Amino acid sequence: MVARGSGAEEAPPPTQQRLVFAYYITGHGFGHATRALEVVRHLIGAGHEVHVVTAAPEFVFTTEIDSPSLHIRRVLLDCGAVQADALTVDRLASLEKYHQTAVVPREAILRTEVEWLHSIKADLVVSDVVPVACRAAADAGIRSVCVTNFSWDFIYAEYVVAAGNHHRSIVWQIAEDYSHCEFLLRLPGYCPMPAFRDVIDVPLVVRRLHKSRSEVRKELGIAEDVKVVIFNFGGQPAGWKLKKEWLPDGWLCLVCGASDTQELPPNYVKLAKDAYTPDLMAASDCMLGKIGYGTVSEALAYKLPFVFVRRDYFNEEPFLRNMLEHYQCGIEMIRRDLLTGHWKPYLLRALTLKPCYDRPINGGEVAAHILQDTAVGKKYISGKLSGARRLRDAIVLGYQLQRAPGRDVGIPEWYSLSEKEIGVRPAPASRRINGSAESSFEDFEILHGDMQGLTDTMAFLTSLSGLVGNDPRIPEKQSRERTAASVLFDLEEDIYVARAPGRLDVMGGIADYSGSLVLQMPIREACHVAIQRSDPVKQKLWKHTQARQLANGAVPILQIVSFGSELSNRAPTFDMDLSDFMDGDKPISYEKAKEYFSQDPSQKWAAYVAGTVLVLMTELGVQFTDSMSILVSSSVPEGKGVSSSASVEVATMSAIAAVYGLNIAPRDLAILCQKVENHIVGAPCGVMDQMTSACGEANKLLAMVCQPAEVKELVSIPTHIRFWGLDSGIRHSVGGTDYGSVRVGTYMGRKMIKCAASDLISQSFPSAPTQSCDASEEYEKYGVDLLKSEASLQYLCNLPPHRYEAAYARDIPEFITGDEFKEKYGDHNDAVTVIDPKRSYSVKAPTRHPIYENFRVEAFKALLTAAKTDEQLSALGELMYQCHYSYNACGLGSDGTDRLVNLVQEIQHRKTTSQHEGPSLFGAKITGGGSGGSVCVIGKNGLKSSEEIFEIQKRYKAATGYLPIVFEGSSPGAGKFGYLKIRWRSA
């Protein structure tokens, strides 16, 4: 249902009775308070009484509304997102603060709010968008309505992925609270809000203007012809020192929220703390700031070009950003240029924008009218589309957003674009060039290499060809990434292309960093990287890069475009001076590089790509004196546990090696790529992902002993056996908390075993513990030599299961705190993880897992060559099931992967009508780092098993709403593919 509004400024018509509204406003930022102010002003203008419950300063309301009907109650009932600075949200701190603010005192809050609502005799509760207010209203028997463009269950769901599943109950409780709300007044720029039963769309809510542009400029002493930018970050963080030369000549900058002690250059004007921002915005020529509802809505309403910098981990941003850009009102500035003062090209470009928002901006009046009608008992029944809206916005398993296509009409384009960024909708099909003939891979001449019949490589070259017809001057007709890529390469020069696949973890998984044998299959999906090397003077540069080079001279520059950025809400481009990787005449440390890429999490993805350059400089002494342009395009989906990051690293380093003529063996390249992930990205993974991507072969399992990375053999997959990957829809992250803590626990267990063995050596031999007569005989036979080898144990997987059970299992604790461990054992001797002294670590299960997993993998490999019987397949499947439940014992399971494994078991064991027809699927296990991602399934290579996989897909979707991706098929690793050297065919 859509509530239409005109631009007229009037209060809702007064009713017979004087109504009382309780208006709850979230504790996150001023934007909620300023938009609520407009609704409150109209309600009071209609003769009603409004009690505002807020943590915002009173002056926000009292400077605009001078009325005895306005009552301010200063209470904090939620905390929103805790910000580390003006641009970064601290996800874990946000969840922990919400827990302390709203979860711990929940019962007391509800009692207090119910009593208070009764005491003021509230007719209606309005929430923007405090969850507990809706529940308190329900407990008090009062109707409630929410007014917002986002809800905290949606925002926090992504935080849970990073902070750990133990915070999931927060999301469920918030969604449950919202479900008590009668309906939602949904503001433009909205994101999915699954908890609300009903929706009414209203226009933008914006603050009105008090003064004209000329009046404001006259008061500030600014001439009409002076260009003015308003600097609006909601209170500047410490350490931002603004400089005169950052502005174009003759410009002035109005600075909002500057501290009293901050000194500003003469071309900056410090504004008063209570300055009325809408008037100042309307008097400016453009705005530089962060995206939030308040800044976006007022920029659109007053047609002010907005140069924005992304905020990290705030999920409402893609929807607001794309609405801003859809109405030609926004330009993105990368954070590094903000902090280093490269503002000029962005500000000058902002003046060329022609903002065109033509929708109503009287949402305050419209919302107040609806709230008044609701308070007197009117029922707002939405149109027949509301059910489809709720389906579209359904949350799957807490994190994955899923849309029911074709069930709704009139979806705004800015919403559709944003859906793609968070993975709700698939990316659009490739387009024709200039509306005419399609591009083709045959537009390129292949000077070296062979496509090997790979259809995805053909498609990638076709995509490259398609860039030729793109017109970068018409950005609204194409994605930002294609706009940037269309000017990346010089078609007169050679382009090099490398390809690296993802991998399906058949057996081994997280035991890789403990030295296990692993069995990995390179999958059909792969990452392609195109690279061109050029003289710094001749390199084609983006406008902001050109401006930086004019200031610094022609230095080698790295420019990267990542296709698929819209699917993960990251910046589509990255650029840097290669001199940033140097500290004098030596490469910078990996730790400094990690800090460099962590400055802007929307560009942290670039560490996987640019990090390969630093590793080559550091480990091989390669000197990069030329510029590089790199295009990354991956079909390996992120967060599915199929090594999307390894495929990017391996493809990138392979392409760089090709263009620079570096002869790096696939094994060595994989180890170098692991350094990128461990030390520059900061993800504590083993090496099996990179090894499979670099050394794998199609239709073979890479059998590798991770000590550190020795390929044992390539095992052909028997023709009667087939492997599938099934995606659970729950995002997996190797850098996540659970994976890292399990790795720490594993290394703690190894240290405990080594210490126990040393203690046994130091004791007299007869006092060594014995478990049985057999154990005593073994001690007598091997004596001190066996204990010595265990005291110097380098890899946990070298300890046989029987020795673990005989000598050490009973002394390994289930859990230990970091403090306790460090006090007793010192360091855990792992170079890529750090012990948190205050954290409790699981030790027994993470220690046991790799010891038994290595045995399971050895048995699995041996069984692959056994006779082709159902018993063989059953034994292979049983080993996979054991591995899956061992992951769960470590704390690396998930609801989704358990559901998929259970579905495989149900189908395997169900009774069939024919006595001669046995099962086709035999086993399944979670893969890779666990905690979501995909499962690997083993079965017969036949039609029936494929049908059963399809059945599992359908049943999983019926239960969860999410249709799993199926990974099937295999392809060659980067070493087998080699590289392509291509050149555009001239007309």
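Quick caveat: nothing in here was measured; it's all calculated off a predicted structure.
- The CG atom of Asn322 sits 10.0 Å away from the CD atom of Glu317 when rounded to the nearest 0.5 Å.
- The minimum heavy-atom distance linking Thr26 with Val129 is given by the pair CB-N, 3.8 Å.
- A cation-pi contact links Arg186 to Tyr190, judged by a cut-off of 6.0 Å to the six-membered ring centre and 45° from its axis.
- A donor-acceptor pair under 3.5 Å is formed between the side chain of Asp123 and the backbone N or O of Val20.
- Here Phe21 pairs with His48 under the ring pair (Phe, Tyr, Trp, His ring centres under 6.0 Å) rule; sequence neighbours left out.
- A donor-acceptor pair under 3.5 Å is formed between the side chain of Thr295 and the backbone N or O of Lys290.
- Note on Lys344 versus Glu245: no salt bridge recorded, every NZ/NE/NH1/NH2 to OD/OE distance being 4.0 Å or above.
- Side chain of Ser284 to main chain of Met287: no donor-acceptor pair is present (N/O by atom type, distance under 3.5 Å, no hydrogens or angles).
- Salt bridge present: Glu224 and Arg213 bring a charged side-chain N and a carboxylate O closer than 4.0 Å.
- Judged by a 6.0 Å distance limit and a 45° cone about the ring axis, Arg35 is positioned over the six-membered ring of Tyr293.
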Show which side-chain atoms of residues 266-276 pair as donor or acceptor with protein atoms under 3.5 Å away, not counting sequence neighbours.
residue : atom : partner : partner atom : Å
Asn267  : ND2  : Lys244  : O            : 3.0
Tyr268  : OH   : Lys243  : O            : 2.7
Lys270  : NZ   : Ser259  : O            : 3.2
Lys270  : NZ   : Asp260  : O            : 3.3
Lys270  : NZ   : Gln262  : O            : 2.8
Lys273  : NZ   : Ala258  : O            : 3.1
Tyr276  : OH   : Arg208  : O            : 2.7

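- Ion pairing of Arg217 with Asp285 is present here, as a side-chain N (NZ or NE/NH1/NH2) and a carboxylate O approach within less than 4.0 Å.
- Judged by distance alone, the side chain of Tyr178 and the main-chain N or O of Met193 form no donor-acceptor pair under 3.5 Å.
- Taking Lys218 as the reference, nothing meets the side chain to side chain donor-acceptor pair (under 3.5 Å) condition, with sequence neighbours excluded.
- A donor and an acceptor atom, one from each side chain of Tyr98 and Asp78, are nowhere located under 3.5 Å apart.
- The six-membered or imidazole ring of Phe231 lies away from that of Trp246, with a centre-to-centre distance of 6.0 Å or more.
- Ring orientation note: the planes of Trp152 and Phe150 are nearly perpendicular, at an angle over 60° on the 30°/60° scale.
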